[in-house]
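Heads up, the thing below is written out as structure tokens.
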2 protein chains.
Amino acid sequence: MGIIRKTKSVKILLNEFSADSTAISVTTLIERLSSEMNKTTVYRILDKLEDDGFLHSFLGKNGHKWYAKCNNCSKSKHYDTHAHFQCLNCGKVDCLTTNFTIPEIPNRRVDVFQLLVQGSCEDCLV
Amino acid sequence: MGIIRKTKSVKILLNEFSADSTAISVTTLIERLSSEMNKTTVYRILDKLEDDGFLHSFLGKNGHKWYAKCNNCSKSKHYDTHAHFQCLNCGKVDCLTTNFTIPEIPNRRVDVFQLLVQGSCEDCLV
DNA sequence: TTTTTTTTTGCAATTTAGTTGCATTATTTT
DNA sequence: AAAATAATGCAACTAAATTGCAAAAAAAAA
């Protein structure tokens, strides 16, 4: 699919991810932008931004969707071999720069994996 | 909370996990046991069996809940340092016996993690 | 065993994330 | 400017999970 038109809504959403590389949950975006666009639009644009390799998505601990900016992704391939870290204290979620390698598993072929790490972030560590 | 009474419904559910150690999704259980108990009961009993350390839960790729038998868990502590493997071919999900160690992450304290690996299981590998 | 207390269950209603169809509006192409 | 195409809003819908409450079942007390 991919983004075709740079509409007002697309620009607003892109802007949300321009600040830092912290991940944002879909529900947060829907609430934050409720006066500017419909939730359906949020879902659809995020979907396309992911297809375009500008964002990538993953599921938080409760199974809800989060999005974050991509660093080295393209239309054809998402480099999702990184983990996501959720701070149990402040709730902030971000991408870890560490690239994980999943060890070989006997008699199985590993295609993809999803790793969500939870703990305390640098700001919340005493 | 924990299990207090060994009711008929509890026995039926325990029985579902007695066979092998393959994980079962909540929706599968609800459908499979629809003639024997209400879905609310399924949710509630699974919840208690997890509290009791008999089952542990995790989220599948779509964010839906799965349960599997515990091996070394107790009421107070779940030894969830293992990954779950979902076969993209047959859909089967099971616990990997390999215990993963998440490497140290600079300036962060890691408390828990969730690792879902997807690929091809031993039965589905040619 | 019978009565009383407490827990469990079923049912219906509710919540919430996410999706879909369709008419309207905006953007791009001609 | 007109025509073609894509994006948006809205309402309705789907599905997983939760909640309140009355009825039923299990355990404890008598």
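This is a predicted model, so every value here is computed, not measured. Sequence lines set the chain letters: A, B, ... in the order given, protein chains first and strands last, and positions in each chain run from 1.
Taking the side chain of A:T40 as heavy atoms from C-beta on, and the options D:dT18, D:dT8, C:dG21, the nearest nucleotide is C:dG21. The side chain of A:T7 approaches D:dA7 more closely than any other nucleotide in the set C:dT9, D:dA7, C:dG18. In this structure, of D:dT19, D:dA17, C:dT20, it is D:dT19 that holds the atom nearest to the side chain of B:R44. Checked against C:dT8, D:dG9, C:dG10, the side chain of A:T41 finds its nearest nucleotide in D:dG9.
Mapping B:K8 and B:Y43 onto DNA chain D by nearest heavy atom places B:Y43 closer to the 5' end of the strand. Nearest-nucleotide positions on DNA chain C for B:M37 and A:I30 put B:M37 closer to the 5' end.
Between the C1' atom of C:dG18 and the CD atom of A:E31 lies a distance of 16 Å, rounded to the nearest Å. Distance, A:N38 CG to C:dT19 P: 14 Å, rounded to whole Å. The NZ-P distance, from B:K6 to C:dT6, rounds to 24 Å in whole Å. Atom NE2 in A:H64 sits about 12 Å away from atom C1' in D:dT18, given to the nearest Å.
When side chains are defined from C-beta on, B:L59 does not count as touching A:L59, because their heavy atoms never get closer than 4.5 Å. Side chains of B:L115 and B:H82 form no contact here, defined as non-hydrogen atoms less than 4.5 Å apart. No side-chain heavy atom of B:Q86 sits under 4.5 Å from any side-chain heavy atom of B:K92.
B:K65 pairs with exactly one of B:V26, B:T27, B:L29 by the side chain to side chain contact (heavy atoms under 4.5 Å, CB included) rule, that one being B:V26.
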| field | Pair assignment for DNA chain D - dot-bracket with | for other-strand partners, Watson-Crick or G-U under 3.5 Å | value | ||||||||||||||||||||||||||||||

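Between the side chain of A:N62 and the backbone N or O of A:H64 there is at least one donor-acceptor pair closer than 3.5 Å.
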| said: Test salt bridge (Lys or Arg N to Asp or Glu O under 4.0 Å) on A:K69 and A:D94; report intermediate values, then the result. | reply: CA-CA 10 Å; A:K69 220 188 319 185; A:D94 41 26; over 6 Å; no

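Put simply, A:I12 and A:Y43 are part of the same group of oily side chains (I, L, V, M, F, W, Y) that touch within less than 4.5 Å, one to the next.
In this view, A:T28 and A:S25 satisfy the side chain to side chain donor-acceptor pair (under 3.5 Å) rule, not counting sequence neighbours.
In terms of polar N and O atoms assigned as donor or acceptor, the side chain of B:K39 never comes within less than 3.5 Å of the base of C:dG10 in a complementary pairing.
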Anything under 3.5 Å between a protein N or O and an N or O of nucleotides 1-5 of chain D, put it in a table, one pair a line.
unit_1: D:dT5; atom_1: O2; unit_2: A:R5; atom_2: NH1; d: 3.3
unit_1: D:dT5; atom_1: O2; unit_2: A:R5; atom_2: NH2; d: 2.8

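In this pair, A:F58 and A:H84 present their aromatic rings parallel. The plane angle is below 30°, not in the 30 to 60° band.
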